[in-house]
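Working notes, structure below.
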Amino acid sequence: MEATVLGYPRIGPHRELKKATEAFWAGRETADGLAETAAALRRQTWETLRDAGLSGIPSNTFSLYDHVLDTAVLFNAIPERFAGLDGLDAYFAMARGAEGIVPLELTKWFDTNYHYLVPELGPGTQLRLAGDKPVGEYLEARSHGIQTRPVLLGPLSFLLLSKPAEPGFQPLDLLDPLLDAYTQLLSELHAAGAEWVQLDEPTLAADRTEEELAALGRVYDRLGSLPQRPSLLVSTYFGEIGDALPVLAESPVEAIGLDFVAGPGNREALAKAGGLGAKTLVAGVVDGRNVWRADLPATVSLCVSLLGLAGEVSVSTSCSLLHVPLDLGAETSLTPAVAGRLAFARQKVDEVVTLGRWLHGDRVILASPGRAAPVVNADVRARLDVLGDGPPRSPYAIRQPTQADGLPVLPTTTIGSFPQTAEIRAARADYQAGRITVGAYEAAMRAEIDRVIALQEDIGLDVLVHGEPERNDMVQYFAERLDGFTATQNGWVQSYGTRYVRPPILHGDVSRPEPITVGWASYAQSCTKKPVKGMLTGPVTMLAWSFVRDDQPLSDTARQVALAIRDEIADLEAAGIGIIQVDEPALRELLPLRRADRQAYLDWAVRAFRLATSGAADETQIHTHMCYSEFGEILDAIGALDADVTTVEAARSRMEFIADLTAAGFAHGIGPGVWDIHSPRVPDVAEITEALTLAMSVVGPTRLWVNPDCGLKTRGYAETEPALRNLVEAARQARAAVA
């Protein structure tokens, strides 16, 4: 392995996987047709990597939905409620739910915007090798003449990423049967001809207990001691390995992969530990998380400094390239000044190959990226110097009585977006392509707002939204209207399942040339006497879901984005919008994996949100929204945001987070999601009432809001309308019970 990557995008150059999967769900594609598309995408990836010159090509990185879900299915970690299903029906039910069956929880993959399905493990879970996907894909690649390295989620990370199916159970208690299954799988891969297997242990980039480190030692002492097995590469990424390094260094595995981009301290730790001896170091030196070109001379210098710390050094990406777009060659609208600084997955493979060749004797010319200076906005910087963190708002106890006059107890609302119909998407595409005029486009959007407002009034919601028909994505929409950002045409990245996003690229100082949302919000408010929420995206989420600058602290960039949002809030207030939601679903996502680094991040993240919102009048009700993360470690920060109402994902987790938040002293308005919108299921009134009753038992009714888990743009009206009617009826019944 002179040069390798830890993984590669699986979506296809034209989003073929999304289209085929969604067609299968809709009944327009057969299982065989979906399998053919998947096989074609796998072959295309393997051949691309081979033709680029990689000497180590990964396999089993493809997934129809999620690689953690694949691992759960592979080892029979299938909860009892799915027992009546099999094959793809069971697989997709675990991911999305089915009639009467709740799916697995969905949460963030470490500090990325990728989401994984959380396995559920309990004392009744019978872990065993129940599938052959890794072997099958290895043999599939070999049938095309390509030798690959199967990639598996490591045993320790699989258990640590799982949740107990019942209180008091520890997933680590299942380590021995899980190792039996991994032992069998490694033996089968060896028999099939696999020379190497990659075992990913990203949980080692976070703080680990002595018990967990002891389990790590048990895992690789046992797997490394198997008499008939492939060579083992244990790969970590997303940070520094810390106390796990000597455990792996002493194990009988052949190679260790370390991330030197997110974990620069790994170099010092290696030197301090005396290196890896005869083991191979797979050095993650090309950034797998951001889109900037590598500084090849500087990177090769780092690689050279590692040569004496291992028996051999191989060049790799810092993590899987799953987190970056596929190919810069698909972009035609980027300015040369920006495009010349970028590298997507395909270009990063070339960088890895070039570095590997140089390191192993082929002294090719290494070009520096030659970065252009970012655009500096002196006015923005001067305003921030004067404003500081902004004057604080009045205490919540003073603000709350002045807000949202006329709302009932348990007010109902949605998170913001409504389904994006084919007609909406077509109108937007026609406008962007110049096939219709701006007047025709705006008329189409106003007609959709009319329809959405009328529908919400008919359903009986209390606080309405305009439905966001004009928005393609909650981050991209704003980025396209803020100076300092640029957007791609085809830079798709998988967020979860078939949900793909195009993260904007932040390349200069941020400013707001003109109001962004005021016209649409004002029009919606003119259509109804009920309050309409203004809908904005918060500063942390704007950064988390973009490819950010690496030439200044993230906290400085967050303040620039916050200033633009602050100006937008002031304009919405002036237009008569009295409820404004500033979404921060990514607040938990950017939390550093090491506890020692967290408080500094939370301090600047909270300050950025309050800078954005502290200019609002007491009478303006500020909402925020968070979803699909483990929030237990940021409870104090959520309170410190000082939003008047916080809506959160809670349906899949059965209100666990709400109890924790209340125990931490949170006393503001709270809207725990009572409908899981990431599943196509339509919850009935009884199911929503059960969730609402559970929430009221924790926080009482007086500060409780009733809402879905997240925005509705990925759902269809066939699900949205009946679910919202059930939600409103459940709230009506709960009000009657309270009265």
Side-chain angles (χ1 to χ4, degrees), residues 5-26 28-29 31 33-49 51-52 54 57-71 88 91-92 95-96 106 108-109 112-117 133 137 140-141 148 151 153 200 288-291 317 319-332 342-349 420 425 472-473 475-476 487-505 545-547 678 713-714:
V5 297
L6 301 187
Y8 201 70
R10 52 208 184 203
I11 63 179
H14 304 291
R15 294 179 291 161
E16 291 91 340
L17 181 58
K18 172 186 176 70
K19 296 169 185 175
T21 304
E22 292 180 350
F24 173 76
W25 293 340
R28 300 190 307 272
E29 179 61 277
L34 177 59
E36 288 175 8
T37 298
L41 291 174
R42 288 193 294 269
R43 180 173 183 173
Q44 185 179 52
T45 293
W46 295 326
E47 291 178 345
T48 295
L49 299 181
D51 295 346
L54 279 186
I57 298 174
S59 62
N60 197 46
T61 57
F62 179 85
S63 176
L64 289 175
Y65 202 96
D66 166 52
H67 58 277
V68 182
L69 174 61
D70 292 348
T71 307
L88 288 180
Y91 181 85
F92 286 127
R96 307 171 68 235
L106 190 69
K108 297 293 176 70
W109 177 249
T112 77
N113 187 32
Y114 180 80
H115 303 61
Y116 76 95
L117 275 301
K133 180 178 180 293
E137 292 189 13
E140 182 183 336
T148 62
V151 178
L153 180 60
D200 285 352
R289 291 277 299 274
N290 213 333
V291 293
T317 50
C319 61
S320 171
L321 294 173
L322 174 71
H323 307 289
V324 294
L326 184 61
D327 191 350
L328 185 62
E331 300 300 324
T332 58
L342 302 179
F344 291 177
R346 180 62 190 82
Q347 290 69 45
K348 288 179 182 293
V349 170
Q420 293 258 321
R425 296 180 188 276
N472 44 14
D473 175 83
V475 169
Q476 184 182 343
T488 66
Q489 291 179 310
N490 299 291
W492 297 101
V493 177
Q494 185 180 29
S495 179
Y496 64 87
T498 60
R499 167 69 171 146
Y500 303 164
V501 295
R502 283 183 293 157
I505 299 169
W545 295 353
S546 299
F547 295 116
H678 289 81
K713 74 175 182 179
T714 60

Worksheet entry | Gap between atom CG of L64 and atom CG of D70 - 0.5 Å precision | 7.0 Å
Fill in: Contacts of type side-chain hydrogen bond (donor to acceptor under 3.5 Å, both in side chains), residue N472, not counting sequence neighbours
none
Discussion item. Are the side chains of V68 and L117 in contact, using a 4.5 Å heavy-atom criterion?
Written reply: no
Worksheet item: Between V324, I57, L321, which is the residue that forms a side chain to side chain contact (heavy atoms under 4.5 Å, CB included) with Y8?
Response: L321
Worksheet item: Ignoring hydrogens and geometry, is there a side-chain-to-backbone donor-acceptor pair from N290 to F547 under 3.5 Å?
Response: no
Worksheet item: Which value, rounded to the nearest 0.5 Å, describes the distance between T61 atom OG1 and D200 atom CG?
Response: 10.0 Å
Practice prompt. For residues P13 and Q44, determine if any side-chain heavy atom of one lies less than 4.5 Å from a side-chain heavy atom of the other.
Written response: yes
Fill in: R96 to W25 six-membered ring, cation-pi geometry met (6.0 Å, 45°)
yes
Worksheet item: Below 4.5 Å, heavy atoms only, C-beta onward: do K348 and V5 meet side chain to side chain?
Response: no
Worksheet entry | Side-chain donor-acceptor pair present, D66, Y114, cut-off under 3.5 Å | yes
Worksheet item: Looking only at heavy atoms, what is the nearest atom pair of K133 and N60, with distance?
Response: NZ-OD1, 2.8 Å
Worksheet item: Is a donor on one side and an acceptor on the other found under 3.5 Å between the side chain of S320 and the backbone of L6?
Response: no
Discussion item. Is the positively charged end of K18 above the ring of Y500, judged by distance under 6.0 angstrom from the centroid and angle within 45° of the axis?
Written reply: yes
Item to complete: Output the distance between atom CD (E36) and atom CG (L34), rounded to the nearest 0.5 Å.
Response: 9.5 Å
Response to the item:
Between V349 and A52 the two heavy atoms that sit nearest each other are CG1-CB, 3.6 Å
Item to complete: With the side chain counted from C-beta on, respond yes when V475 and S546 share a heavy-atom pair under 4.5 Å apart, and no when they do not.
Response: yes
Item to complete: Report the distance from atom CD1 of I11 to atom CD of Q494, rounding to the nearest 0.5 Å.
Response: 7.0 Å
Discussion item. When you measure from the side chain of E16 to the backbone of L41, do you find a donor-acceptor pair of N or O atoms at a distance under 3.5 Å?
Written reply: no
Worksheet entry | Under 3.5 Å: donor-acceptor pair, side chain of E331, backbone of G491 | yes
Worksheet item: CG/L106 to OH/Y116 distance, rounded to the nearest 0.5 angstrom?
Response: 9.5 Å
Discussion item. Under a plain distance cut-off of 3.5 Å, with no hydrogens placed, do T498 and E22 share a side-chain donor-acceptor pair?
Written reply: yes
Worksheet item: About how many Å separate OG of S495 and NE2 of H323, when rounded to the nearest 0.5 Å?
Response: 11.0 Å
Practice prompt. Would you confirm whether R502, through its side chain, and T488, through its main-chain N or O, come within 3.5 Å as a donor-acceptor pair?
Written response: yes
Discussion item. Using 30° and 60° as the class boundaries, would you call the ring planes of F24 and F92 parallel, tilted or perpendicular?
Written reply: tilted
Worksheet item: Looking at G12 and L326, what are the two nearest heavy atoms and their distance?
Response: C-CD2, 3.9 Å
Practice prompt. Indicate yes or no: at least one non-hydrogen side-chain atom of Q489 is less than 4.5 angstrom from one of T332.
Written response: yes
Worksheet item: Are V493 and F344 close enough that some pair of their side-chain heavy atoms sits under 4.5 Å apart?
Response: no
Worksheet entry | Any side-chain heavy-atom pair of R10 and T45 under 4.5 Å | no
Item to complete: Provide the closest heavy-atom pair for R289 versus C319 in the form atom of the first, atom of the second, distance.
Response: CG-SG, 3.7 Å
Discussion item. Holding to side-chain hydrogen bond (donor to acceptor under 3.5 Å, both in side chains), I want the full list of residues that pass it with E140, two or more places apart in sequence or in another chain.
Written reply: R42
Fill in: is_close_aromatic(H67, W109), centroid dist under 6.0 Å
yes
Worksheet item: Is any side-chain heavy atom of D473 less than 4.5 Å from a side-chain heavy atom of W545?
Response: no
Discussion item. Under the rule for ring-ring contact (aromatic ring centres under 6.0 Å, His included), what residues qualify as partners of Y496, not counting sequence neighbours?
Written reply: H115, H678
